[in-house]
K.L.:
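Sharing a structure, written as structure tokens. Questions coming.
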Number of protein chains: 6
Amino acid sequence: MQFDFPLSQLESYAPDEAAPADFASFWQDTLAEARSFPLNARFVPVQSLLRSVQVYDVTYAGYGGAEIRAWLLLPAGTTAPLPCVVEYIGYGGGRGQPSDWLLWPSLGYATFVMDTRGQGTTWRTGDTPDPQAGGEPHLPGFMTQGIAAKETYYYRRVYTDAARAVEAAGSHPNIDASRIAVTGGSQGGGLAIAAAGLVPEVALCMPDVPFLSHFSRAVTLTDSAPFSEIAAYLRIHRTRVSETMNTLRYFDGLHFAPLAKAPALFSVALMDFVCPPSTVYAAYNRYGGEKAIRVYPFNGHEGGESQQAQEKMAFLAAHLPLDVGL
Amino acid sequence: MQFDFPLSQLESYAPDEAAPADFASFWQDTLAEARSFPLNARFVPVQSLLRSVQVYDVTYAGYGGAEIRAWLLLPAGTTAPLPCVVEYIGYGGGRGQPSDWLLWPSLGYATFVMDTRGQGTTWRTGDTPDPQAGGEPHLPGFMTQGIAAKETYYYRRVYTDAARAVEAAGSHPNIDASRIAVTGGSQGGGLAIAAAGLVPEVALCMPDVPFLSHFSRAVTLTDSAPFSEIAAYLRIHRTRVSETMNTLRYFDGLHFAPLAKAPALFSVALMDFVCPPSTVYAAYNRYGGEKAIRVYPFNGHEGGESQQAQEKMAFLAAHLPLDVGL
Amino acid sequence: MQFDFPLSQLESYAPDEAAPADFASFWQDTLAEARSFPLNARFVPVQSLLRSVQVYDVTYAGYGGAEIRAWLLLPAGTTAPLPCVVEYIGYGGGRGQPSDWLLWPSLGYATFVMDTRGQGTTWRTGDTPDPQAGGEPHLPGFMTQGIAAKETYYYRRVYTDAARAVEAAGSHPNIDASRIAVTGGSQGGGLAIAAAGLVPEVALCMPDVPFLSHFSRAVTLTDSAPFSEIAAYLRIHRTRVSETMNTLRYFDGLHFAPLAKAPALFSVALMDFVCPPSTVYAAYNRYGGEKAIRVYPFNGHEGGESQQAQEKMAFLAAHLPLDVGL
Amino acid sequence: MQFDFPLSQLESYAPDEAAPADFASFWQDTLAEARSFPLNARFVPVQSLLRSVQVYDVTYAGYGGAEIRAWLLLPAGTTAPLPCVVEYIGYGGGRGQPSDWLLWPSLGYATFVMDTRGQGTTWRTGDTPDPQAGGEPHLPGFMTQGIAAKETYYYRRVYTDAARAVEAAGSHPNIDASRIAVTGGSQGGGLAIAAAGLVPEVALCMPDVPFLSHFSRAVTLTDSAPFSEIAAYLRIHRTRVSETMNTLRYFDGLHFAPLAKAPALFSVALMDFVCPPSTVYAAYNRYGGEKAIRVYPFNGHEGGESQQAQEKMAFLAAHLPLDVGL
Amino acid sequence: MQFDFPLSQLESYAPDEAAPADFASFWQDTLAEARSFPLNARFVPVQSLLRSVQVYDVTYAGYGGAEIRAWLLLPAGTTAPLPCVVEYIGYGGGRGQPSDWLLWPSLGYATFVMDTRGQGTTWRTGDTPDPQAGGEPHLPGFMTQGIAAKETYYYRRVYTDAARAVEAAGSHPNIDASRIAVTGGSQGGGLAIAAAGLVPEVALCMPDVPFLSHFSRAVTLTDSAPFSEIAAYLRIHRTRVSETMNTLRYFDGLHFAPLAKAPALFSVALMDFVCPPSTVYAAYNRYGGEKAIRVYPFNGHEGGESQQAQEKMAFLAAHLPLDVGL
Amino acid sequence: MQFDFPLSQLESYAPDEAAPADFASFWQDTLAEARSFPLNARFVPVQSLLRSVQVYDVTYAGYGGAEIRAWLLLPAGTTAPLPCVVEYIGYGGGRGQPSDWLLWPSLGYATFVMDTRGQGTTWRTGDTPDPQAGGEPHLPGFMTQGIAAKETYYYRRVYTDAARAVEAAGSHPNIDASRIAVTGGSQGGGLAIAAAGLVPEVALCMPDVPFLSHFSRAVTLTDSAPFSEIAAYLRIHRTRVSETMNTLRYFDGLHFAPLAKAPALFSVALMDFVCPPSTVYAAYNRYGGEKAIRVYPFNGHEGGESQQAQEKMAFLAAHLPLDVGL
């Protein structure tokens, strides 16, 4: 069922929501503070049965200097600096196994897969704790951890990790730091938008059915997790509505999208109750760079799957061709 | 539907599961370590519209010295030391408002309501963070927080808080520390059993449909939360089955029940998918003190509700009569 | 999900629905007929373990002289006439145990809890039969009992019982009949509105997420019981639509609200599928007395729970202060 | 899913449950009392567009003399006394329209369709009120109406109506009272068994997936309505378990089956959660007459539908051939 | 819940959708091709226990000459040509048993029941294969079989079978080919509209809650099968949206309705998620003949059931009176 | 929930079910007939952005000579004959995109992915029609297509296609026909077992949570699709139980497993309602070759996912080492 606005309306949907006045300074300060910790990216080769790729187990300093894990996969025999795809992961999942990430290396691209701190138990294993988790009462899940203040909110840490992931990837000698694409689905898409907004060096942005955008509409529109975690939190913590919604304004894809300048390929699904299309278009319509969007009228949150993979492969090849640097 | 063993079989159900060899020492060490922090129980009077009770906002040092919140309600005009009911709360809830706790004070008993650290968002507000939460990837919820080792497991902290709650209650001048009852439903019942096992001074134990017992059977028997969180965790972290089940052995009501010597009134519901009756009887049948159980053949996890309240009122009045100390 | 009108629209929602021409005379006649039976309120003291309250098992004559049961709880030691809170109960529940009703007595108010005839099996026990139940084919439940005519409709009896409950409470020597508040949630809220509209002596009205209002919209808007019982009835009795809707016009909160003059505190939940917010606002916006409403944007039919209890405690204390009559 | 005993075990299932000592006298007294009211069967011709049948709207005196409605359909042009099929209806439904009942008349048999008092709103219209409904608090539905005592239980009235239906059918000049078959599905099947047990003149019994048998097992085995109404009632009225189960013993198909002597064709479905196969076999295995059963291994409560209709047509033709009386 | 447009809007709903330019020629060619096979209607008498009707097992040549099965029921003793009701069946069902079809013969009409090729397993048995089924990957079900092209689409074959059914019925000597009514519910209603549009000789059309109309709206409006099969197909076959929607334009009730000239009685249910009321009204409002519609405001897809049967009986008797030809 | 036998019992579960006497001859004849069509395997190179693999779009003659599609992926630059993994696909899915199949080529193995005729719409696209689909009425889905006889049953065609896939893979010059592994999950696992039983040349068998085994138990044990399709078919086609179960005996993994001699690695999940563990063990325990099984106690039908991929990678490397032929 297409439950949200009709497509024609989505295409021009522009909610009247301004970023907080201190949005930019909040994030400048946040990144500056994170960068006060040495990045300390380490790439430990992993022995595996894979012959077409070389795998590295990566650790780097994310928010607060916490050790964030990642995989780096390089096509076997890479010598020259390659363009790299940084992958962010959907809500609840972790980096899993290296063999879960063979697409971009098979195309000849380096791939850097950021583990999401604290996540990695709901549908694929993760290895990165969130040592700054405060333990405040919150709805089971991540959406309301530390939501009492923008300084303590969970996604402050994760967005920072995502920005630092681009830096970590770019620090590897076989990666061309000027040709880094960010991508991911759902939460991964939201992180791609945030990273593209926070890190000017990002060269391409490919968010699929992105999450974490237009909270003010989402929390009253959908009963599906994870947006629904916010409503569930406010169902009990009835006196914290304005403080909660205020925190979220600092983490809304709406306000990162205009900052991003890299060419972008979005995707959206018109039957997506998890990331309703109006929340995706709200970010897309404000996106600051050259952009295109693939629309899946009959899909839910699974979006375009293999079909969208084809679209992204072509978009990547067109914008970050492999052999241009040779 | 009565899905578990028939009642006649439940009544003699005795699974062959021994406590770990170091169960007692683990808990002695844990409590000793907790007691190395001063209890520091503070009772701040709360202004309220309630006339029949005097309310105090309580703080005391739980596991690791963390500040645990509680309510103390004394019948208005209390001067002599009273027997006290310590209430533990069901999974996901917090201490809420003082006006949620009028039963025992209306009977003339002091009431001490322990907030559960980290909880208090799913169905009633809580005010106590869990500062030692490690942030390791776990299933949203509390059942698998820190489950990689008995030392870091979430319930190590909560069981300790529960034991210290008895001490905190007993430290108030209007409470008779030799006449403290522990009670609660579901998780609250599990904590009551643990507290009765850990704190010899507990004078009465009234667990309703208690949770946290007989994990080895529960995790394969029921799909209902919160036991199901463990299965969901192992569904993804497939290589951690034995380590997980080993941790749980240190937190199983099965092994606290024999240590408890206070008279006890249990309740059990035969259609309870959340705390299946065999897991309740497994603890009950091993319970170390004088004991009775009320059976609700047609109830689910709601158990006996007001009917069981009547049973507990009578049991409390019989075992800890109000005026005996005068 | 907020599925109904947005809040700004709710606040001015004023459906164009007039009361039947004979609405007032129907209810005058109904009450007059009920009052032709002596009220015969009897208050039998109940022995209990409760020390802070004195409990009475009450019987009085409701519609058709039928014996309606209630609890009266007086703060222990009451001598002067007190203001009293009359509680009506949500759909399907009964008066339960006296210990279920400790809030208002703990504040120092008398409490009169009316059992709802025929109800008291779905979620809390009741003790009052409905001897005038006609046994006509109806949808299991109460919403369509006797709905073929306003004279035989189930709620004619219950609304009358509710009005008589105010009289019964006021007849007790320790209750000040000029300071009676009516309250309740869901069906209890609907009865509070009806009682405030029917009984001019009611001094305060505090309906929470009230039911029984704006039937014409509700029956096509929600699939949730109990409004859905009406649709389910008409699904089978297809030829009785107009007769059914006509009966309901005599029982619609829309038409009682303007008659009520007592100060009122409503509550409404914007995700409430049981009593959709537009049906609550339709009554609230027409309410005839001084009024206020608490809005819970992220709650369903549970509404404000303990938070709303705090609001009501303050509202009650402000409008019916305890010691004013001394 | 076949959730009950395997078929081989069902075929010899014989639960050890004896009828109450006064079972026979209770029913003798009940019928005697009913027969103290004149049967007063009236057959009012109904004008209809049906050409192959003549329809009569029937009224007769059931339990307590209450007016029970029925349809009588005679093949057009009937002159000689015919064998007759008495149909009882499934739970919640009523007699509906005459055109709903064309099967037996098309075969050449008279058909008498008893309306079930109070029912006829859930899935097909009924026209018969239950004037003796007491209005006691019960679970919405019919299973627990008046269940506090065998004298007041709803099914005392209905079983009596069912017995009187056979008498009413037999009183029509075009019906041969010695050749009356009783049939029905679910509740209708339960009533057929009861009627065959109570009325020795019944010549044939064809219960499909019969309900109302083996309550003691059913209430703990299935969560499906209507058996589940009993469990739901006892979930709240926790203190009434033995009184409730005792009442049911007087209405259990287990105890009517041995009294019945007419040849019988049962049907049973092995995936039937509504009337679990063990409850059907418990009655079937005790049935007092010549008997056969059709087993539908992959059906739920819909049972054999048209296929079973074929079976019954053949069974009826074999046992009550049409032209034998000519 | 009434989820679609309100009734007042439905009554004038006229979506701006034109038939394909070659719609008429496509169907002329299709029927011409089908008629190139001899109709070859055979009527084999069936022995049965039914006395009021004579049953024939019918076979005739449908699309591509495939053998389509049907039942013909004639009132026993028919000699003169009778008006006939052709019944089409709802999605998934088959012709079942002759005894399932006694209504119209009992009124004195011939009845011709067309089996639906390939169907007859979901809810009633069918006997007719679909030998032209191509075996292309499609969503389990019939809605997307051969949907890649109008020539291969499943409903091309079925609509043709439906048109040929009218011819087959009319070919029987006891049927008056000028007095044939078409009827059916859901898919059967959609086929009735198609047949009335394709076969000018149809004398009456009685579609109930008709399916297969206004695909363009239906596929985005409802998640209920069978419309949802189309969305599910396009969820995977993401590149085939326009080709799929184009095929459906040749099978849309919207475009058959204006071609039909026979008097019609429609029915519609306002809570019907299977065939949403706007899709029914879209066809009804365009219907080319004299017309009326019965509205069931509180029904889902079951629609008017026995009540609508009464309406149709009266409509049939008024428009095709039985004895007019004598 | 572990709903099936406990693990200890599963490990020795050996149902007493013999293969039909003509099982072997039926399959010999079937394969002989299929081989009467030339295999005609064509490998058309596909242009793609993938650099590490060369993709071929494959067509070969399956059952009845029908054209079956497949992908062949060879590691880029392959010259010598490689061992090959033949992948069969789970129920409802198709071969999708070449980029969906990068695991085995990244390890250095050839990969041959067989499309499943008729499937490829439920969760991933397929391209292969089933031209021999007979169009008989069956339950939507594939489980009951042509089930009236072993000769016409859908899986006769698919099992034959699976056997021929091994031959087609082996016919490519860069594949070593003596080193072919078969694998797949669910239906793919069932096909792997069948292929290993039918084709002696298969060198390794790795079925995950295999489907299509032990029908006689499965159809009464689980309500989950696709086994449930058989029960749903028999729910309507009530007279075809023995004919249906007889057909299935020719397609039961139970009877293929003993024929297989290749070393095998199975996996099973103990909470798998789709392919219950007893049905997997029934085949595993009879399997004719050297064997091992990985048990996932807390998984449903998703089984071991990436974890099992690691297990298979190691098993494959151990049994079919890459460089042994050089």
Side-chain angles (χ1 to χ4, degrees), chain C residues 62-64 66-69 89 91-97 115-148 152 154 157-158 161 225-226 228-240 244, chain D residues 62-64 66-69 89 91-97 115-148 152 154 157-158 161 225-226 228-240 244:
Chain C
Y63 178 88
E67 296 209 334
I68 306 301
R69 306 288 290 278
I89 298 170
Y91 190 79
R95 63 175 184 166
Q97 302 287 346
D115 213 20
T116 314
R117 59 166 68 204
Q119 300 188 18
T121 298
T122 310
W123 56 275
R124 197 172 51 204
T125 53
D127 303 305
T128 304
D130 178 16
Q132 288 99 355
E136 317 81 355
H138 62 273
L139 210 278
F142 302 89
M143 295 306 297
T144 62
Q145 284 194 10
I147 203 166
T152 55
Y154 170 74
R157 304 192 289 277
V158 177
D161 296 347
S228 65
E229 291 184 17
I230 298 165
Y233 174 87
L234 294 173
R235 180 175 301 134
I236 301 305
H237 294 295
R238 294 172 175 87
T239 59
R240 300 187 189 165
T244 297
Chain D
Y63 178 88
E67 297 208 332
I68 307 300
R69 306 289 289 278
I89 300 171
Y91 190 78
R95 65 175 183 165
Q97 302 287 345
D115 212 20
T116 313
R117 59 166 69 205
Q119 299 188 19
T121 298
T122 310
W123 56 275
R124 197 171 51 203
T125 55
D127 302 304
T128 304
D130 178 15
Q132 289 100 353
E136 316 81 355
H138 62 273
L139 212 278
F142 301 89
M143 295 306 297
T144 62
Q145 284 195 10
I147 202 166
T152 56
Y154 169 75
R157 303 192 290 276
V158 177
D161 297 345
S228 66
E229 291 183 17
I230 298 165
Y233 174 88
L234 295 173
R235 182 175 298 135
I236 301 304
H237 295 294
R238 294 172 175 87
T239 59
R240 300 187 188 164
T244 297

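The chains referred to below are lettered A, B, ... by the order of the sequence lines, with proteins before strands, and numbering in each begins at 1.
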K.L.:
Do W123(D) and I89(D) make a side-chain contact, defined as non-hydrogen atoms from C-beta onward lying under 4.5 Å apart?
P.N.:
yes
K.L.:
Non-hydrogen atoms of chain D under 4.5 Å away: do they reach the side chain of R124(C), the backbone, both or neither?
P.N.:
backbone
K.L.:
Counting only heavy atoms closer than 4.5 Å, note whether T128(D) contacts chain C via side chain, backbone, both or neither.
P.N.:
backbone
K.L.:
Do you know which of P131(C), G134(C), G94(C), A133(C) has the most heavy-atom pairs under 4.5 Å to chain D?
P.N.:
G134(C)
K.L.:
Output every pair passing salt bridge (Lys or Arg N to Asp or Glu O under 4.0 Å) with a member in residues 130-143 of chain C, not counting sequence neighbours, ordered by first then second residue.
P.N.:
R117(C)-D130(C), D130(C)-R157(C)
K.L.:
Name the option with the most non-hydrogen atom pairs under 4.5 Å to chain D; the candidates are P137(C), P129(C), P140(C).
P.N.:
P137(C)
K.L.:
OG1/T144(D) to NE2/H237(D) distance, rounded to the nearest 0.5 angstrom?
P.N.:
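It comes to 7.5 Å.
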K.L.:
Could you check whether the rings of F142(D) and Y154(D) sit parallel, tilted or perpendicular, using 30° and 60° as the cut-offs?
P.N.:
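Plane angle between 30° and 60°, so tilted.
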